[in-house]
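In what follows, a single structure is set out as structure tokens and then discussed.
Order of listing sets the numbers, starting from 1, for every ligand and every atom in it.
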Amino acid sequence: MADRRWAEVDAYIGQALLAPDPVLEAALRSSDEAGLPPINVAPNQGKLLMLLAQIRGARRILEVGTLGGYSTIWLARSLPADGRLLSLEIDPHHAEVARANVAAAGLADRVEIILGPAVETLARLGEEGTEPFDFVFIDADKQSNADYFRAAVRMSRPGTVIVVDNVVRNGAVADAASSDQSVQGVRRLNEVMAAETRVSVTAVQTVGVKGYDGFALALVES
Ligand code: SAH
Ligand code: DHB
Ligand code: MG
């Protein structure tokens, strides 16, 4: 299911409310030229991430799933000059493109892209006793969502905000019998989030240029 009107309204919102942004447009262009899939968040979603991190006053941000660094740039813009964003990416080509885009955005001093399977990187960060994160954006392989969420909660403190992208999947999430591993990954995530006594959580459906999907929002309360 896709509605042309959803894309038209996203284009309208972009033109009405978001300033032209040559830096982010260049990041998308270079990602496209490098052959990366166009599965970055939409501009209005990227700005929502930036605003949520700003509302939180985030100084340390964790991202799981970098791609070409589009959401990374939005999130890093919320940081103060001494803030830090770690973004985890399994694909060396994606990481290379993202590092160049982040540098071109003038944010290389705040952003570190760590190459490797995120489950392993998260385990290592946990063992190293990494300082807790204030804001976490989970947007990688959906089968591992529950693992990423558990790791995020372990590296959180009261007040940490966790956002998970793509939790509606064209509505397929409501189908318990779905054979789609991404759908089952979201359903496992929901079970883990609901059972986690430290967090308060909800999810919201969205439509737009990315189709029909949604995001989950969790607040770590203890
Ligand atoms: N957050 C980006 C989009 C990320 S797309 C944006 O909105 O701009 C998902 C990314 O997760 C891809 O780059 C993919 O290579 C990466 N990925 C997939 N499996 C992964 C894993 N096991 N560990 C780390 N990254 C992974
Ligand atoms: C896909 C992944 C994403 O993170 C997204 O926002 C859209 C699509 C995908 O794997 O198809
Ligand atoms: Mg996504």
Exercise. Looking at atom 12 (C) of ligand 1, what's its closest protein heavy atom, distance included?
Worked result: Glu89 OE1, 3.5 Å
Problem set entry | For the Mg ion (ligand 3), the closest N/O/S atom belonging to Asp139 | OD1
Exercise. Pro117 heavy atoms, cut-off 4.0 Å: which ligand 1 atoms fall inside?
Worked result: 23 (N)
Exercise. Among the heavy atoms of Tyr148, does any lie under 4.0 Å from an atom of ligand 1?
Worked result: yes
For this session: Return yes or no for this condition: an N or O of Phe137 is under 3.5 Å from an N or O of ligand 1.
Result: no
Problem set entry | The single option from Ile138, Val186, Val201, Leu217 passing side-chain contact (heavy atoms from CB on, under 4.5 Å) against Val164 | Ile138
Seminar exercise, completed: When distances are taken from atom 9 (C) of ligand 1, the protein heavy atom at minimum range is Asp139 O, 3.2 Å
Problem set entry | Test of proximity, Asn40 against ligand 1: N or O pairs below 3.5 Å | no
Problem set entry | Region of Val64 engaging ligand 1 - heavy atom pairs below 4.0 Å | neither
Problem set entry | Any donor-acceptor N or O pair under 3.5 Å, side chains Asn40, Ser31 | no
For this session: May I ask you to decide whether Arg84 forms a salt bridge with Glu112, counting only side-chain N to carboxylate O separations under 4.0 Å?
Result: yes
For this session: Look only at the side chain of Arg29 and the backbone of Leu24, and say whether a donor-acceptor pair between them is shorter than 3.5 Å.
Result: no
Exercise. So which protein heavy atom does atom 2 (C) of ligand 1 come closest to, and at what separation?
Worked result: Ser71 OG, 3.3 Å
For this session: Please say whether Ile39 places an N or O atom under 3.5 Å from an N or O atom belonging to ligand 1.
Result: no
For this session: Would you confirm whether Arg110, through its side chain, and Leu85, through its main-chain N or O, come within 3.5 Å as a donor-acceptor pair?
Result: no
Exercise. Can you find an N/O atom of Gly65 closer than 3.5 Å to an N/O atom of ligand 1?
Worked result: yes
Exercise. Is a salt bridge present between Asp82 and Arg59, judged by a nitrogen-to-oxygen distance below 4.0 Å?
Worked result: yes
Present, as a list of atom pairs with distances to 0.1 Å, all nitrogen or oxygen contacts under 3.5 Å between ligand 2 and the protein.
residue	atom	partner	partner atom	Å
ligand 2	4 (O)	Asp139	OD1	2.7
ligand 2	4 (O)	Lys142	NZ	3.1
ligand 2	4 (O)	Asn166	OD1	2.8
ligand 2	6 (O)	Ile39	O	3.3
ligand 2	6 (O)	Asp165	OD2	3.3
ligand 2	6 (O)	Asn166	OD1	3.1
ligand 2	6 (O)	Asn166	ND2	2.8
ligand 2	6 (O)	Lys210	NZ	3.1

Exercise. Taking Glu89 for the side chain and Asp91 for the main chain, is one N or O donor matched with an acceptor at less than 3.5 Å?
Worked result: yes
For this session: If you have a sec, work out which protein heavy atom is nearest atom 19 (N) of ligand 1 and how many Å separate them, to one decimal?
Result: Asp141 OD1, 3.2 Å
Exercise. Got a sec: is Asn40 within less than 2.8 Å of the Mg ion (ligand 3) via an N/O/S atom?
Worked result: no
Exercise. Is a side-chain N or O of Arg157 found less than 3.5 angstrom from the main chain of Phe133, in a donor-acceptor match?
Worked result: no
For this session: Report the nearest protein non-hydrogen atom to atom 17 (N) of ligand 1: residue, atom name, distance rounded to 0.1 Å.
Result: Ile90 CG2, 3.7 Å
Exercise. Any salt bridge between Arg124 and Glu120, counting N to O under 4.0 Å?
Worked result: no
For this session: Please verify whether a non-hydrogen atom of Gly116 lies at under 4.0 Å from ligand 1.
Result: yes
Exercise. Hey, which atoms in ligand 1 end up nearer than 4.0 Å to a heavy atom of Thr66?
Worked result: 2 (C)
For this session: Check the side chains of Glu63 and Ser71 for a donor-acceptor pair under 3.5 angstrom, ignoring hydrogens and angles.
Result: yes
Exercise. Does the distance from a Lys or Arg side-chain N to an Asp or Glu carboxylate O, for Glu191 and Arg187, drop under 4.0 Å?
Worked result: no
Exercise. What protein heavy atom sits nearest atom 23 (N) of ligand 1, and how far off is it?
Worked result: Ala118 N, 2.9 Å
Exercise. So is Arg56 actually on top of Phe135's ring, under 6.0 Å and inside 45° of the axis?
Worked result: no
For this session: Write the atom name of the N, O or S atom in Asp165 that is nearest the Mg ion (ligand 3).
Result: OD2
Exercise. Under 3.5 Å, N or O to N or O, is Val41 touching ligand 1 that way?
Worked result: yes
Exercise. Are side-chain N/O atoms of Asn101 and Tyr70 paired as donor and acceptor at under 3.5 Å?
Worked result: no
For this session: Ignoring hydrogens and angles, tell me if any N or O in the side chain of Gln45 forms a donor-acceptor pair with the backbone of Ala42 under 3.5 Å.
Result: yes
Exercise. Is there a donor-acceptor contact under 3.5 Å from the side chain of Asn170 to the main chain of Ala172?
Worked result: no
